[in-house]
Amino acid sequence: MKTILPVLLCLMALASCNPDSQECYVPKTVTAQIGFTIIDTIFAKDQLGRDSIYVSVRDTPLNYPSMLSLGNDTVIRFMGVYKGTQLPVMFNPETDSIRYRFQPDSTQQIFDTVTLHYDHNYHFISNACGYTYYYNINRVKITHHLLDSVRIATPSVTQSAQDKHVILYFID
């Protein structure tokens, strides 16, 4: 009996360490991916000697790009990697738009402003994870210091990490 009691106490202690709730393995934070594309116009002569214009549109790597939130109580800064071709940004579920100061190159002090206008809705993930917000991008406004134009590629912002939601275009 004396050897059974310590074994029973150990089993009870181990059984009490199991969590009562399930763990959440899904990220609850939803981010939009901003992609960078360059539009390169090449003037050349074709094989017959005629003037030709070739337009090349391709993803462009940037030198440590960054986005800094503007006009919020909390300042959020997203830093890209060297030769980064996209950058994540977050939304504020309490408003219908958010503004960012976009710096394409960390070595240059030239900025553009990117304003994202969106709708948000509550989305149930699971019992373990609870709820999060999904977003739908309605429009994007930019300044034109370095940026040429903008396109909403995928307006629906969910937990998909592969989508590029907004494309910023540069002219070379």
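Computation of the quantities below employed the complete heavy-atom set of this structure, encompassing side-chain atoms and omitting hydrogens, waters and symmetry-equivalent molecules. Given the structure is predicted, the values throughout are model-derived calculations rather than measurements.
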Q. About how many Å separate OG1 of Thr115 and CZ of Arg139, when rounded to the nearest 0.5 Å?
A. 9.0 Å

Q. Should we count OH of Tyr82 as having more than 12 external heavy atoms under 6.0 Å?
A. no

Q) Heavy-atom distance under 4.5 Å between the side chains of Tyr135 and Pro93, does that happen here? A) yes

Q | Verify same cluster id: Ile110, Met79 (apolar side-chain graph, 4.5 Å) | A | no

Q. Side chain of Asp112, backbone of Leu147: donor and acceptor closer than 3.5 Å?
A. yes

Q) So, does His117 use its side chain to make a donor-acceptor pair with the main chain of Ser97 at under 3.5 Å? A) no

(Q) Please evaluate residues Ile125 and Gln159 with respect to the criterion side chain to side chain contact (heavy atoms under 4.5 Å, CB included), reporting the C-alpha separation (whole Å), side-chain torsions for both, the decisive distance (0.1 Å), and the verdict. (A) CA-CA 10 Å; Ile125 300 173; Gln159 291 168 323; 3.4 Å; yes

Q) For the hydrophobic clusters of this structure (ILVMFWY residues joined by side-chain heavy atoms under 4.5 Å, transitively), does one cluster hold both Ile76 and Val157? A) yes

Q: Report the distance from atom CD1 of Ile98 to atom CE of Met67, rounding to the nearest 0.5 Å.
A: 10.5 Å

Q. Counting only N and O atoms by type, is there a donor-acceptor contact under 3.5 Å from the side chain of Ser149 to the main-chain atoms of Tyr169?
A. no

Q: Please check if the side chain of Lys28 supplies one atom and the backbone of Cys129 the other of a donor-acceptor pair under 3.5 Å.
A: yes

Q | Reported CD1-to-CG distance for the pair Ile152 and Leu116, which is rounded to 0.5 angstrom | A | 8.0 Å

Q) Same hydrophobic cluster for Val75 and Leu87, using side-chain heavy-atom links shorter than 4.5 Å among ILVMFWY? A) no

Q.
Between Asp119 and Asn136, do the side chains contain a donor N or O and an acceptor N or O under 3.5 Å apart?
A. no

Q: Treat each ILVMFWY residue as a node, draw an edge where side-chain heavy atoms are under 4.5 Å apart, and state whether Tyr134 and Phe91 are in one component.
A: yes

Q. Is the Phe170 ring parallel, tilted or perpendicular to the Phe102 ring (thresholds 30°, 60°)?
A. tilted

**Q.** Nearest-0.5 Å distance that lies between atom OG1 in Thr158 and atom CG in Asp163
**A.** 6.5 Å

**Q.** Qualifying residue for side-chain contact (heavy atoms from CB on, under 4.5 Å) with Ile34, from Val150, Val89, Val114
**A.** Val89

Q. If every non-hydrogen atom of Cys24 is compared with every non-hydrogen atom of Ala128, which pair is closest and at what distance?
A. CB-O, 3.9 Å

Q | Point-to-point distance, once rounded to the nearest 0.5 Å, from CD1 of Ile142 to CG of Asp148 | A | 7.0 Å

Q | Stepwise side chain to side chain contact (heavy atoms under 4.5 Å, CB included) check, Val30 with Tyr133 | A | CA-CA 7 Å; Val30 175; Tyr133 284 97; over 6 Å; no

Q: Apply the test side chain to side chain contact (heavy atoms under 4.5 Å, CB included) to residues Lys45 and Asp51: give CA-CA distance (whole Å), side-chain angles for both, the deciding distance (0.1 Å), then the verdict.
A: CA-CA 5 Å; Lys45 298 219 181 254; Asp51 290 333; 2.7 Å; yes

Q) If every non-hydrogen atom of Pro65 is compared with every non-hydrogen atom of Phe36, which pair is closest and at what distance? A) CG-CE1, 3.9 Å

Q. Under a 4.5 Å cut-off applied to non-hydrogen side-chain atoms, are Gln86 and His165 in contact?
A. no

Q | Interatomic spacing from CD1 in Ile38 to CG in Leu168 - rounded to 0.5 Å | A | 13.0 Å

Q. Would you call Met90 and Tyr100 a side-chain contact if the rule is heavy atoms closer than 4.5 Å?
A. yes

Q.
Can you give me the closest heavy-atom contact between Gly35 and Lys164, atom names plus distance?
A. CA-CD, 4.0 Å

Q. With hydrophobic residues grouped by side-chain heavy-atom distances under 4.5 Å, do Leu68 and Leu146 end up in a single group?
A. no

Q: Compare all side-chain heavy atoms of Gln103 with those of Gln109 and state whether any distance is below 4.5 angstrom.
A: yes

Q.
Tell me whether Thr143 contacts the main-chain N or O of Thr113 through its side chain, where contact means a donor paired with an acceptor under 3.5 Å.
A. yes

Q: Would you sort out whether Asn92 and Tyr118 count as a side chain to side chain contact (heavy atoms under 4.5 Å, CB included), showing the intermediate values?
A: CA-CA 10 Å; Asn92 183 353; Tyr118 51 86; 3.8 Å; yes

